[in-house]
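Note sheet for the following structure.
As the structure lists them, so they are numbered: ligands from 1, and atoms in each ligand from 1. Only a predicted model underlies this, so the values are computations on that prediction, with no experimental measurement involved.
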Amino acid sequence: MPSSSDSLLKLSRRIESITDSPTLAVEQEARELRQEGHSIISFGAGEPDFSTPDHIVAAAAEACSDAGMHHYSATAGLAELREAIVRKTKRDSGYVVESNQVLVTNGAKQAVYNAFAAICDPGDEVLIAAPYWPTFPEAVRLAGGQPVEVRADSSTGFKVSVEQLEDARTTRTKAVLFVSPSNPTGAVYSEDEVRWLGEWIAENNLWLITDEIYEHLVYDGCVAPSVPVVVPAITDRCIVINGVSKTYAMTGWRVGWMIGPTKIIKGATNLQSHSTSNVNNVAQRAALAAVEGDLAAVDEMRAAFDRRRGILYEGLNEIPGVSCILPQGAFYVFPSFEGILNRELAGRKLQSTLELASVLLKDAGVAIVPGEAFGLPGYARLSYALGEDKVAEGVRRIRTLLDG
Ligand SMILES: Cc1ncc(COP(=O)(O)O)c(C=O)c1O
């Protein structure tokens, strides 16, 4: 029997059931090694390596001296920001909504949390394509729901089909989580694929949570259509997640939003009113300048990311046993390392990508996030949100280690 103080110290079952963010953990480890003086090239970051554009920072500086910004504001967000998000959404994806359908959140991450909290009851199942961004299943669990993985691999460009979703559907299925361009694979669904998905959602009376945070980071002339625009029939059962983090290099400002039917937005706003209240007003004013401005900053970032994507894709494919498909969006590649596992390499056998990531960090000073973190062992995620020289040097180090 545990003593009473032991049982007091036990965490709740809900918190016990989740793990820390593996992607943030890799970045933290790389940071610590760097502080100890090691030369580390990190492909772990899930954020642009650019600075927030000056006009956005200036808007925040101005907001700091506005006394109106020093106090609590409406939980759902500053009215002018909610209206600007409505205009931005129409401009960028063609989705037409009203400002009472928008809730401004502390980053898109809180929007994901709020969305599942608003729709999931205990036991509700949410279909999630694997490999997935680790927050998705954890947010479902925190809401009392049950994440159900639908697995894809490189043979389908990491995309799941409607047939696979149908096979995974049960009477308890409540929602599908969709993200295109995808973290961690960079996969982008075509308009036809989006239509098939939207129609299947409508037919089966499910919710769709669609994360559009990488909407502008697409390459080779590709576009990422918004599901409720392609299939308007789902607008009353669709929650769109978005934010300024990736488009404007604003990960530290913590501004995102969710768009959905007013009843859901009202419920999520109530939840937020008892947890975090309004998002920092100064950050909201920065986000306002971002979404009201043009897309010049993201155009510049996209061009740089595109060059790095090429270096990484080609460099990885030149390493025997590594194969990588060319992703069309976001800033990640998701190569397979299956060809090097369980083979003799410099006197040792690596048995998993978890082990590979650890050896790469310790022996080659390269941080990658193993596929285990995303529900697909044998692969790994490498972010190309780092300078071209570093990308090239990182690939060289991986090659040297794997060539033994
Ligand atoms: C798919 C996806 N959604 C949401 C987020 C979170 O964005 P934010 O920084 O706005 O919370 C991320 C961050 O990595 C992401 O990859």
Side-chain angles (χ1 to χ4, degrees), residues 20-28 42-50 52 56 77 81 85 88 102-116 126 128-140 142 147 152 158-159 176-189 208-218 224 226-227 239-259 268 272 275-276 279-280 283-284 286-287 290-291 298 301 305 327-334 369 373-375 381-386:
D20 65 350
S21 161
T23 50
L24 295 183
V26 166
E27 264 308 278
Q28 181 58 25
S42 179
F43 291 108
E47 58 179 344
D49 55 322
F50 300 92
T52 303
I56 298 174
L81 176 58
I85 289 168
K88 171 252 167 279
V102 179
L103 166 60
V104 179
T105 56
N106 284 283
K109 213 173 229 184
Q110 190 180 26
V112 171
Y113 177 87
N114 284 351
F116 289 121
V126 178
I128 300 180
Y132 46 71
W133 180 47
T135 290
F136 291 137
E138 301 297 26
V140 172
L142 281 171
F158 300 109
K159 296 190 228 180
V176 174
L177 181 284
F178 180 71
V179 51
S180 171
S182 150
N183 176 5
T185 66
V188 181
Y189 285 69
L208 182 76
I209 289 97
T210 173
D211 184 332
E212 300 185 350
I213 197 143
Y214 295 101
E215 65 185 334
H216 293 293
L217 291 171
V218 279
S226 177
V227 194
I239 299 173
V240 176
I241 309 284
N242 209 333
V244 291
S245 290
K246 317 285 174 171
T247 303
Y248 304 98
M250 290 180 70
T251 48
W253 297 80
R254 311 309 303 134
V255 184
W257 55 86
M258 59 189 281
I259 297 175
Q272 195 167 302
S275 51
T276 56
V279 172
N280 174 322
Q284 288 196 67
V291 297
V298 71
M301 282 198 285
F305 284 144
Q328 289 181 304
F331 40 71
Y332 310 105
V333 294
F334 203 72
V369 189
F374 309 100
R381 187 189 81 174
L382 282 79
S383 153
Y384 43 90
L386 69 174

Which bit of E47 gets closer than 4.0 Å to ligand 1, counting heavy atoms only: side chain, backbone, both or neither?
neither

Test item, Q110 contacting ligand 1 (heavy atom, 4.0 angstrom)
no

Close approach, I213 and ligand 1, non-hydrogen under 4.0 angstrom:
yes

Measure from atom 2 (C) of ligand 1 to every heavy atom in V244, D211, I241 and give the option owning the shortest one.
D211

Tell me if the aromatic rings of [X] and [Y] count as close, with their centers under 6.0 Å from one another.
X	Y	value
F116	F136	no
F158	F334	yes
F305	F331	yes

Could you tell me whether [X] and ligand 1 have an N or O pair separated by under 3.5 Å?
X	answer
K109	yes
V255	no
Y214	yes

Test item: T185 and Y332 side chains (from C-beta on) under 4.5 Å apart, heavy atoms:
no

Side-chain heavy-atom pair V188, P181 within 4.5 angstrom cut-off
yes

Can you pull out the closest protein heavy atom to atom 12 (C) of ligand 1? Residue, atom name and distance to 0.1 Å, please.
W133 CZ2, 3.4 Å

Can you pull out the closest protein heavy atom to atom 11 (O) of ligand 1? Residue, atom name and distance to 0.1 Å, please.
R254 NH2, 2.7 Å

To the nearest 0.5 Å, what is the distance between CG on L217 and NZ on K246?
9.5 Å

Near [X], which atoms of ligand 1 are under 4.0 Å from a heavy atom of that residue?
X	value
S245	8 (P), 9 (O), 10 (O)
G107	10 (O), 11 (O)
K246	12 (C), 13 (C), 14 (O)

Will you find, in the side chains of E47 and S245, an N or O donor that is under 3.5 Å from an N or O acceptor?
no

Look only at the side chain of T105 and the backbone of G107, and say whether a donor-acceptor pair between them is shorter than 3.5 Å.
yes

